[in-house]
Structure formats: structure tokens, C-alpha cells
Amino acid sequence: MKEVTPMAAESRPPAERPLWNPYIAGVALGLVLLASFLIMGFGLGGSGAVSRLSIGAAHLVAPKTVEANAYFSQYIGPGKHVLDDWLVFEVLGVFLGGVLGAYSAGRLKLGIQKGPRITNSKRLLLALFGGLLMGIAARLARGCTSGQALTGGAVLSLGSWIFMMAVFTGGYLVAPLVRRQWR
Amino acid sequence: MTPLLETTTTRANPQIDPSLHTWGWEIVIYLFLGGIAAGILVLTAFLELTRPDKPRSRAMRWMPLVALALLSVGMLALWLDLAHRFWAWRFYATWKVTSPMSWGAWILVLLYPTGLLLWLGSLEDGERSWLRGKSPAAGKSLLEWLIRLSDRRRGTILKLGLVLGIGLGIYTGMLLGTMPSRLAWNSALMGPLFLASGISTGAALLLLQKLDRGEREILVRWDALAMTVELFLIALMLTGWATSGAAGRFAAHGFLGGPYTAVFWSLVVILGLLVPLAIDAIEARRHLAFVAIGPVLILCGGLALRWVLLAAGQASAFRLLP
């Protein structure tokens, strides 16, 4: 009698397909953005959904503090649900699309992408620090690389183009400091 | 004075009349766990009836007992929702053929001994010896009698498990479907829809266990069939509403442009049905390893179906019609 685990019903390793050419992926992402404008009337975004999820979680734990906060309170109120927003559903779709894409390519597995020498905990701590920094900056800039650079850039918003240049400049300036973590 | 103020100041508010309290998470959990229990009983009984031998994997042998445990948790949630909790026994002092709650109450009572016998009959000799060792001295003769009964009447018990499982699955939907005053529940398809969802979520929970390869292949096929039927039933239900009178059109609008559109299509249809079906299709086409995320998404979608339909139904009434 042979019982098999849910995670590995087949013993043979999945055949991994190569990653997409980044230029073709870039064009595809542009077409997704165009479709998003045409079908939903909104562009793409990422940090807005994380922001709403964080506010929703904070409201569950400390409702009075959230309602008293001038910034957070704009998302909370009678007849409003903090998660009832296009970006929340869009990010859910990104997750599901990612699952399907990774699975069809034989690449769906849990793991931590990192350099050969860095430990898992250090890699995760650095990622958390980077995520926090990016989250705060995205709120200050009223958008992230998706909402500002991609969506705002597509409609030729001057602020979004300045944001995009600032992102590349900041990235090139800071990259030497953390590059060795990937070696 | 507005009609609403007059209503609430005279008496009709939840503080004075607790029956005005709407159905919340308790009923969602009850319908969800009841559906899973129905699915497990239908699938385990049907699998054995269509195959010559007993369940080969330990998970399939013990799942009828797990179904009863899940059903008990669901019934506890239902009991917590009752306004008069200690009057619940009155369900068993009567029998009303036109009341789905009466049918449900009696199906639930019959399910416990049937599920227990289904489980005892599935056990292997070693597992039965372990059970005898754990049994108190006073209960040993009862246990032996139940084991003999479960072996002697195996065919009857399997068929009874199948019928009661189908009954429970349909009942969870009929409970809503027979309330025409709630426009977004008023569909004869609610019973079959909840049965199909119960079978797919029951199969999903089974697929998360360690199974025999043959059992897994059959369950994946049945799961895909149940999800496909569910999609057809959803399409029929919405078409039926949209092409009927003002009440039906109001119900359909809730899911086709109204307040429940985003959660229904994203969580129930895409996350809970289309993506798991796509994962099944990719798995079969590319001969990839089974991944647990498909069944997990099905379970999330099953919970969302009950949550969204329960909320939409309670927010729909004739007095809201234009």
C-alpha cells in the first residue's frame, strides 16, 4: 500500500520552464495595464492594497486609534469598507495569476531567494527593512512603482516621471551598499 | 417620523426582539462545515460502493469520523446563533414535512449513527484492536455489536450514508432557498448549488490528506466535476433571476454590478472555482506534481460562497424593490 503526501504525489521532479524574456514580459505588463484602464477604468497599483490591508488589521485591533487618525480615518466610516477597493482585488488577482504562472512553468515551490552566503534570517530581516522603507516612501509619494511609475507614467503625469527618475537614481546610489549580500 | 424610526422605537429592534439579529458568522460556519461533512460522507460512501474493496488509505478510513467532528463544530456555531438556545430540543418533538429546518434537524440526528457505523466498518483489524483497547469495560459489548453491525450491513450503511450526505448537502442550501421573502435566496437551485459546493469542498479536504494514488486520482476527477456543475448552477441561477420579474432582477443585480459583484466573482468564481480548475487542467496536461494550493483555494471559495450568499440574501427584501 502506497500513500502519497499532498505536496508530492508524483516522485519525478517537475520540469521547470525557462523564465520569460524580460522585454516580452514588459510589453505584456503594458498590455495588462491597457486592459486594466479599458475594463476597470483604473490603472495598476500595489502599495495601496497593502496600505488598506494594514489599516483594516489595525482597525480590528485598535478601532478608536485608527478612527482618530486623520489619514487612516478617510478609509473607515459608515457605508465604507476599507477592503472594498479595486487595488485589493487586483492584488488578489496578481497572487492567483502568479500561482497559475509559476505552476504551469513547474516553478511553484516555497523558498527564499537569496545570495549564496547570506543566512535566511538576515535575508528576511533585510527584506522586511526594505519593505518598510518602501511602504513609507510610497505613502509619502502617494504611490509606488506600479501606481506612480507604471500607471501615472502611462498617462504622462509629470510627477510620475519625476518619481520614476528618482527611483532609478536612488536605486543606483544605494545598490552598491547591499550588492555584496547577493554575492 | 420616518418609517424606520417608528419601527425601531415601537419595538422592532434587536435589543427588544433578538430574533431581528441577522445571521452572522455562526451560520456561515455551520453551512460551510455542514457542506464539507456532507461532501465527505457522499464521497467516502460512493468511493467504496463503486470499488470492490474498502478504503486503502488511513485518511479515507477515518474521514467519516472527522466529518462528524466538523458537523458537531458547525452545530455548536448554529446553537450559538439561537435566540432561545435551550428550546432547541423542540425540533425533535415535532415533524413538519414542509419545513426545511425540520428535515435538517432529523437528517442531522440520523447522520451521527450512520457516520459512526461508516467509520467503524472502514477500519482495519489493527485499528479495531486499538479501539477495543481504548474502550471502557462497560462499553466493550456495545462496541463489538456496533462493529458486527457495521460489517454485516455494510452495503445498507454505505447507501444510507450516501443518501443522508446528499440530503444534508441539499438541506444547507434549501434552508436559504425556501425563503422567498429574501430575494437573493429565492432560487430552487440553491439546494443543488450547496450540494455541489459541499462535494467539492469535501473532496478538497480529502485531497489535503495522505491518500492512495488511485483514491487521489478519482477524487481529483470528482472534485473537478463538482466544480464544473457548480459553475453551471451559478450561471443558471443568475440567468433565472435576470430573466424573471422585478424581484429576480433585484437579486441578480446584487451580483451583476451591485454591491456583491466584486467579492462574488473574485472570491467565489475566480479564486474558488476557475483557478482550481485551471490548476487541475495544467496538472493533467503537463503531468506536474499535485500541489495543495488548489484544494486550499477551493475551501476558501466554499466559505466565500456561503458568506456572500448569506449577506446578499439578508440585504434583499421586497420593500427595497423600486
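Each chain gets a letter, A, B and so on, in the order its sequence line appears, and its residues count up from 1.
By the neighbour-count criterion of 12 heavy atoms within 6.0 Å, atom CZ of B:Phe46 is sparsely surrounded, having that number or fewer from other residues, nucleotides or ligands. In the displayed structure, A:Lys64 atom NZ is contacted under 6.0 Å by at most 12 heavy atoms of other residues, nucleotides or ligands. No more than 12 heavy atoms of other residues, nucleotides or ligands lie within 6.0 Å of CZ in A:Arg142, so this atom counts as exposed by the packing criterion. The neighbour count for A:Phe129 CZ, taken as heavy atoms of other residues, nucleotides or ligands under 6.0 Å away, does not exceed 12. Other residues, nucleotides and ligands contribute at most 12 non-hydrogen atoms within 6.0 Å of the CG atom of B:Asp125. Atom CH2 of A:Trp182 sits in a crowded spot, with more than 12 heavy atoms from other residues, nucleotides or ligands closer than 6.0 Å.
Residues of residues 295-310 of chain B that come within less than 4.5 angstrom of chain A, heavy atom to heavy atom, are B:Leu297 in numerical order.
Between A:Leu92 and B:Leu267 there is a side-chain heavy-atom pair separated by less than 4.5 Å. By the 4.5 Å heavy-atom criterion applied to side chains, B:Ile279 and A:Val99 are counted as neighbours.
Interatomic distance, B:Thr261 OG1 to A:Phe89 CZ, rounded to the nearest 0.5 Å: 10.0 Å.
Closest approach of B:Leu288 and A:Gly106 over heavy atoms only: CD2-CA, 4.1 Å. Residues A:Ser104 and B:Ile282 share a closest heavy-atom pair of CA-CG2, 3.6 Å. The shortest heavy-atom contact between B:Ala289 and A:Tyr103 is O-OH, 2.8 Å.
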